[in-house]
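Written below as C-alpha cells is the structure these notes are about.
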Amino acid sequence: MSVIVQKYGGTSVADADRIRAVADRATDAKRAGHDVVVVVSAMGDTTDELMAMARSLAPTPNARELDLLLTAGERIAMSLLAVAINQAGYPAASYTGSQAGIITDTAHGRASIIDIRPGRILEALGRGHIVIVAGFQGVSTAYDVTTLGRGGSDTTAVALADALHAEACEIYTDVPGVFTADPRIVPDARKLHAVSYEEMLELASSGAQVLQLRSVEYARARGVKVHVRSSFSDEPGTWITQEDARMGEQAIISGVAADHSEAMVTIRSAPDRPGVAAAIFRAVAAQGLSVDLIVQSGSRDGRADISFLVPKDELDRLEPTAKELVAAISADTYEADADVAKVSLVGAGIKAHPEVLADMFETLADERINVELIAATSIRISCVVRAADEERAVRALHRRFGLGPDGGPLRSHDDDA
Ligand code: ASP
Ligand code: MG
C-alpha cells in the first residue's frame, strides 16, 4: 500500500475545531486507500509560550531540560489528534519522536536526525492504524530527548516520508503554497506550481518562511517529493521537486524574497594578509553564530573591510568577541548596523541569463535604492539595502521581472497551470 505523510503546522492544530478538521483530512486519505502518517507541530504559539516560561526562570535554560519542556507541545497536539480520529471511528495511535524511532545526535536545541527505526510505525500501519508522530523531536544517541530546531516538524515529516518510502510528503500550513513574493508585501504575488529543491533552498535561506531550511536540505539529499499546501482548502499547493521533474518551460526568476532578521557587521581596515579572514570567522564560529553573505572590499594600502550578516538577535553575543578580534588582528573598528534588509532574487534561469544582474541593479537604481552589499550564486542574487527600502525593493523587482498574475517580458511561461 502507498504511504502518505501529512504534516500540520501550529496554526492548523491551534484549537479543537481545527484538530477535528485535521482528523477529517487524515481519515479522507485513509479512506482513499493510503497508509497515513500524520506529523504535528505544537498547537498555536505553545512552543513560544513554553520557551518564554523557561526564560522567565533562567536567561539561558539548561539545554536538556529545555528540550524536554518544548517537546511537550507536540505531545499535546499528537494525543488530541489521536483522540479526535478515534472519535471519528478510525483506529489511531500517537507516538513521540523517541517512540517513533527518530534517532538524533546530542546537539540539544538543533539536533540532526542520524537514523530512523520505523519498526513501531510500520507495525501500527500494518494493523490499519492512522499513525500520528510528534514533530520536531527525537531521542539522542545518549538516550536524551532532543529537538530539531525551530520549525523542525517539517524535517520530521520529510525524514519519515523518506524512511517509509512515502509517495509524497504533504506539508499543510496556513498559506496556500510558495509564492513569487510575500503576499503581505506584494498583493498580486502568485502561487508557484513547482519549484526545484535548489530554488527552495535559496528562497528559504533568503527569508521565505514556509519551510524549515533543514527540511529542504533533507528532501533534496533524499529526493523526497514535498507538497506545500493549505490546511484550509483543497487547492493544490506548490510541489518541491527535482528541477528536471518540473514540467514545461522554466521561468527565469521564480521569486523575490526578503529578510530583515539579520544585521550587517563590518570589520574596518583589517590587514590584508593570509590568516586574517580565518581568524575572524574562527572567532565567529566559536560563538556558534551563523554567518551569511560575506564580502571583502578590494584591498587599499594593504588593508580591506570585511562585512557579513549575522542574526540581529545574536549581535550582543558577537560584540565582545568582535572587539577582542579587532585588537588581535589590529584592524580599525567593528561596526554593527541592524537597520538593514536583504532582498534576493531567486531563479534557476539566472545562470543562463547574466542580464538579470543588470536588470536587478537597474530596478533598484530607478527606485533610488542604494545597494550596500551584493552576493550571488548561480541561481540567486542578494542585495543588502536600508531596512526602510525593503518593501519598495521587493515590489519593484516583482514588477520588473513580471512575476505578477499576467507574467511579463522575462517570464517564458505561466507555471501555475
Ligand atoms: N513547534 C516547533 C516550533 O514552533 C516546531 C514546529 O513547529 O515545527 O518551532
Ligand atoms: Mg511552529
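Both counts, for ligands and for their atoms, begin at 1 and track the order of listing.
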statement: Test salt bridge (Lys or Arg N to Asp or Glu O under 4.0 Å), reference Arg386, set Glu372, Glu367, Glu391, output is Glu372
message: Test of understanding: with salt bridge (charged side-chain N to carboxylate O under 4.0 Å, His left out), list the residues that count as partners of Asp313, not counting sequence neighbours.
response: none
- request: Would you mind reporting whether Glu199 and Ser254 have side-chain heavy atoms less than 4.5 Å apart?
  value: yes
field: Contacting atoms of ligand 1, where contact means under 4.0 angstrom from a heavy atom of Arg150
entry: 3 (C), 4 (O), 9 (O)
message: Geometry only, no angles: is Asp154 polar-contacting ligand 1 at N/O separations under 3.5 Å?
response: no
- prompt: To the nearest 0.5 Å, how far apart are CG in Asp359 and CG in Leu357?
  reply: 9.0 Å
- line: Here the atoms of ligand 1 under 4.0 Å from any heavy atom belonging to Gly151 are 3 (C), 5 (C), 6 (C), 8 (O), 9 (O)
task: Give the numbers and elements of all ligand 1 atoms closer than 4.0 Å to a heavy atom of Ser41.
output: 6 (C), 7 (O), 8 (O)
- prompt: How about Thr146 and Asp67: does a side-chain donor come under 3.5 Å of a side-chain acceptor?
  reply: no
message: Is there a side-chain contact between Phe281 and Ile306 in this structure, where contact means two heavy atoms from C-beta onward sitting under 4.5 Å apart?
response: yes
Test item, Gly9 contacting ligand 1 (heavy atom, 4.0 angstrom): no
- prompt: Can you find a non-hydrogen atom of Gly73 under 4.0 Å from ligand 1?
  reply: no
query: Closer than 4.0 angstrom: is that true for some heavy atom of Glu74 and an atom of ligand 1?
result: yes
message: If you measure every N or O of Gly149 against every N or O of ligand 1, does any of those distances drop under 3.5 Å?
response: no
